[in-house]
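Reminder, nothing fancy here: chain letters follow the sequence lines and each chain counts from 1.
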Protein chains: 2
Amino acid sequence: MDASNLPEDALATPVPRRREVVPEATVARLPIYLRALHGLADEGQTTVSSEALAEAAGVNSAKLRKDLSHLGSYGTRGVGYDVDHLIAQISRELGLSRRCSVVLVGVGNLGRALAGYGGFASRGLAIDALLDADRSRVGEQIAGLTVRHMDDLPDVVTGVSIGVIATPADAAQEVCDRLVSAGVTSILNFAPTVLSVPSHVDLRKVDLSIELQILSFHEHRKAARAEGALA
Amino acid sequence: MDASNLPEDALATPVPRRREVVPEATVARLPIYLRALHGLADEGQTTVSSEALAEAAGVNSAKLRKDLSHLGSYGTRGVGYDVDHLIAQISRELGLSRRCSVVLVGVGNLGRALAGYGGFASRGLAIDALLDADRSRVGEQIAGLTVRHMDDLPDVVTGVSIGVIATPADAAQEVCDRLVSAGVTSILNFAPTVLSVPSHVDLRKVDLSIELQILSFHEHRKAARAEGALA
DNA sequence: CTGACTTTGTGCGCGCGTTCACAAGCGCGT
DNA sequence: ACGCGCTTGTGAACGCGCGCACAAAGTCAG
Ligand SMILES: NC(=O)c1ccc[n+]([C@@H]2O[C@H](COP(=O)([O-])OP(=O)(O)OC[C@H]3O[C@@H](n4cnc5c(N)ncnc54)[C@H](O)[C@@H]3O)[C@@H](O)[C@H]2O)c1
Ligand SMILES: NC(=O)c1ccc[n+]([C@@H]2O[C@H](COP(=O)([O-])OP(=O)(O)OC[C@H]3O[C@@H](n4cnc5c(N)ncnc54)[C@H](O)[C@@H]3O)[C@@H](O)[C@H]2O)c1
């Protein structure tokens, strides 16, 4: 990609020190740090050391420091990090300061649970619209939102950036395509299917069956190892 | 590691070829291959090339071949892999042949959706018990199962190996500890908390807020890049 | 002001995972 | 029987991410 070298740019960008790129692995941990920090803030802590925060987040302290260093030098040596300031910086980095809207497609068993979940709003994320293809569900009120028909999608997604797919697997690709056509550039997929999207669209998936199968594998291996130990 | 030269090992291990260890990254993809293979089998395909299967699974074909090579040489050069045979091998490796039972704790919004989900059973996994601490929910019938009280846990988990936590975050660690005490050695956690478990217990987590925050980050970066492009 | 202590930020080596590229192997047509 | 084309299995190179360990940098006591 255009990860071109930054040739020192003698023309000096006015901004002193721009964050180069934040590694994916770091991005995936920032929300964990954020949650831990909120917990500390609620306890009244004003500063926290990398050691303590790492403990709360369940990671190595060196990793934590390296992660945070990618967003800038916000710590004070000998003291630690200012909790509120760090919350602000991570929130900004994650784009949570400007409220991010979400559209959920498929109001079935799972969709209902997600729509009613309050855990998103507390983090600057909120589900703004519910869509379904089943006309018998359209008009239904769930968690203060009215279910709208799939055909309304173009009207709904103005300014919306994240789409969540909670439809059956065989409808997922079609729904995905329609989301993309409507301008959605980030998608979270719960349907057990491989989706294909244009390169400018970010796609993540959550597959509960896969998680259980991975655990099943480890159980299987533990059992095999135990038998092997008998021999 | 000991990726030392393999000096032809004149001492020839008696066992022809034992699967050494299957890398974690490979294990995480096996369920995807399995799903793709089931789809192919339903279409009547009897054999499949690594190229075609990789396409269906959304991965690089070399990666697929290397993954499969960790379970043995089950392909035929010039032809590909036998679909049914490969399904059997992967299922065996994942431990899905011997049916794996699951206990779900916390029958709230999310727990209900999970309990009613039929996508597990088709893969040799089935939820065998539902538990909750709320006595007003005990006795309730969900998807053919009766909700039992948390205190029955020791009776319920005989032979059960996988526990799923779908309780509020502040109860998760306690529930986790009780599962471990009862002998559960694999846990899937949906609560947004860092859990600690003994080293012999496998722990995985699914956190929807984190997924959305990661997408939010990428949206934020896209927006920043777009602005940068204007300058 | 100085010195000791605390904690950050990071250079470095290492191991894992991904990918390319190709030789070895197998079936099929002739 | 024999080579031709297709596909697997893997050697090797590369890049990323992790974690140790330490120097730099700041605080605080006296
Ligand atoms: N329920 C769970 O706990 C669970 C667990 C893991 C995975 N999943 C997956 O999540 C998805 C949803 O599961 P569910 O249990 O909620 O299913 P569901 O059948 O209860 O709900 C699906 C919803 O999608 C709607 N829908 C169908 N086609 C549509 C389309 N083309 N456009 C818009 N909406 C459409 C349906 O009307 C329905 O309301 C499935 O892919 C399932 O495999 C669910
Ligand atoms: N609902 C969602 O879509 C969603 C999304 C993401 C994450 N989550 C997380 O999943 C978890 C469950 O969410 P929910 O919406 O189903 O919550 P919920 O409040 O609807 O259900 C929680 C259930 O757990 C039970 N419970 C409470 N304490 C318990 C204990 N000590 N032992 C056993 N059971 C106990 C409660 O009685 C209740 O039935 C929460 O941690 C939530 O943050 C939910």
Side-chain angles (χ1 to χ4, degrees), chain A residues 1-5 16-30 32-33 37 40 45-83 85-86 89-90 214, chain B residues 1-9 16-30 32-33 37 40 45-83 85-86 89-90 214:
Chain A
M1 209 168 290
D2 62 336
S4 53
N5 44 10
R17 198 68 176 81
R18 223 41 193 153
R19 50 188 165 291
E20 329 284 333
V21 285
V22 182
E24 263 313 295
T26 295
V27 174
R29 283 186 294 267
L30 290 180
I32 304 176
Y33 303 152
L37 285 166
L40 292 170
Q45 298 275 348
T46 59
T47 63
V48 64
S49 70
S50 65
E51 198 69 45
L53 183 54
E55 163 78 19
V59 301
N60 181 295
S61 67
K63 197 193 312 198
L64 171 79
R65 288 197 296 274
K66 191 161 287 186
D67 282 342
L68 295 184
S69 76
H70 287 122
L71 350 171
S73 280
Y74 298 125
T76 307
R77 298 179 189 224
V79 176
Y81 300 89
D82 181 88
V83 173
H85 188 238
L86 203 49
Q89 292 303 326
I90 294 178
I214 293 172
Chain B
M1 208 170 291
D2 62 339
S4 53
N5 44 12
L6 323 178
E8 291 314 303
D9 203 323
R17 204 67 177 87
R18 219 50 189 146
R19 49 185 164 293
E20 326 287 331
V21 287
V22 183
E24 262 315 294
T26 294
V27 174
R29 283 186 294 266
L30 289 180
I32 304 177
Y33 303 152
L37 285 166
L40 292 170
Q45 300 274 349
T46 59
T47 63
V48 63
S49 70
S50 64
E51 198 69 47
L53 184 54
E55 162 79 18
V59 302
N60 183 296
S61 68
K63 197 191 313 197
L64 172 80
R65 288 197 296 277
K66 188 157 285 189
D67 283 342
L68 295 184
S69 75
H70 286 121
L71 347 173
S73 279
Y74 298 126
T76 307
R77 298 176 190 229
V79 177
Y81 301 88
D82 181 89
V83 173
H85 188 238
L86 204 48
Q89 292 304 326
I90 294 179
I214 293 172

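Partners of A:Thr26 under the side chain to side chain contact (heavy atoms under 4.5 Å, CB included) rule, at least two apart in sequence or in another chain, are A:Val22, A:Pro23, A:Arg29, A:Leu30, A:Asp67, A:His70. Listed by chain and residue number, B:Val59, B:Ser61, B:Leu64 satisfy the side chain to side chain contact (heavy atoms under 4.5 Å, CB included) test with B:Ala54 (two or more places apart in sequence, or in another chain). Listed by chain and residue number, nothing satisfies the side chain to side chain donor-acceptor pair (under 3.5 Å) test with A:Gln45 (two or more places apart in sequence, or in another chain).
Atom CG in A:Leu53 sits roughly 15 Å away from atom C1' in C:dG9 (whole-Å rounding). Atom P of nucleotide D:dC20 and atom CD of A:Glu51 are separated by 10 Å, given to the nearest angstrom. What separates OH of B:Tyr33 from P of D:dT8 is a distance of 13 Å, to the nearest Å. In this structure, A:Leu68 atom CG and C:dT10 atom P are separated by 11 Å, rounded to whole Å. Here D:dC18 presents its C1' atom at 12 Å from NE2 of A:His70, a figure rounded to the nearest Å.
Checking the phosphate oxygens (OP1, OP2) of C:dG9, a side-chain nitrogen or oxygen of A:Tyr81 falls inside 4.0 Å. Here B:Ser50 does not reach the OP1 or OP2 of D:dT7: none of its side-chain N or O atoms lies under 4.0 Å away.
Annotation: proximity of residues 56-67 of chain A to DNA chain C (heavy atom, distance under 4.0 Å) is found for A:Arg65, A:Lys66, numbered in ascending order.
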Assign a letter to each nucleotide of nucleotides 23-30 of chain D from its 5' end: B, base within under 4.0 Å of a protein heavy atom; S, sugar-phosphate only; -, no contact. -BBSS---
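Residue pairs meeting the salt bridge (Lys or Arg N to Asp or Glu O under 4.0 Å) criterion with at least one member in residues 48-64 of chain A: none, sequence neighbours excluded.
You'll find the side chain of A:Leu68 reaches within 4.5 Å of the side chain of A:Ile90, heavy atoms only. The shortest distance between side-chain heavy atoms of B:Leu53 and B:Leu86 falls below 4.5 Å.
Atoms OG and OH, on A:Ser69 and A:Tyr74 in that order, are 11.5 Å from each other to the nearest 0.5 Å. A distance of 8.0 Å separates CG in B:Asn60 from CZ in B:Arg65, rounded to the nearest 0.5 Å.
Nearest heavy-atom pair, A:Ala57 versus A:Tyr33, reported as atom, atom and distance to 0.1 Å: CB-CD2, 3.7 Å.
B:Ser73 comes within 4.0 angstrom of sugar-phosphate atoms only, judged by non-hydrogen atoms across all strands, and of no base.
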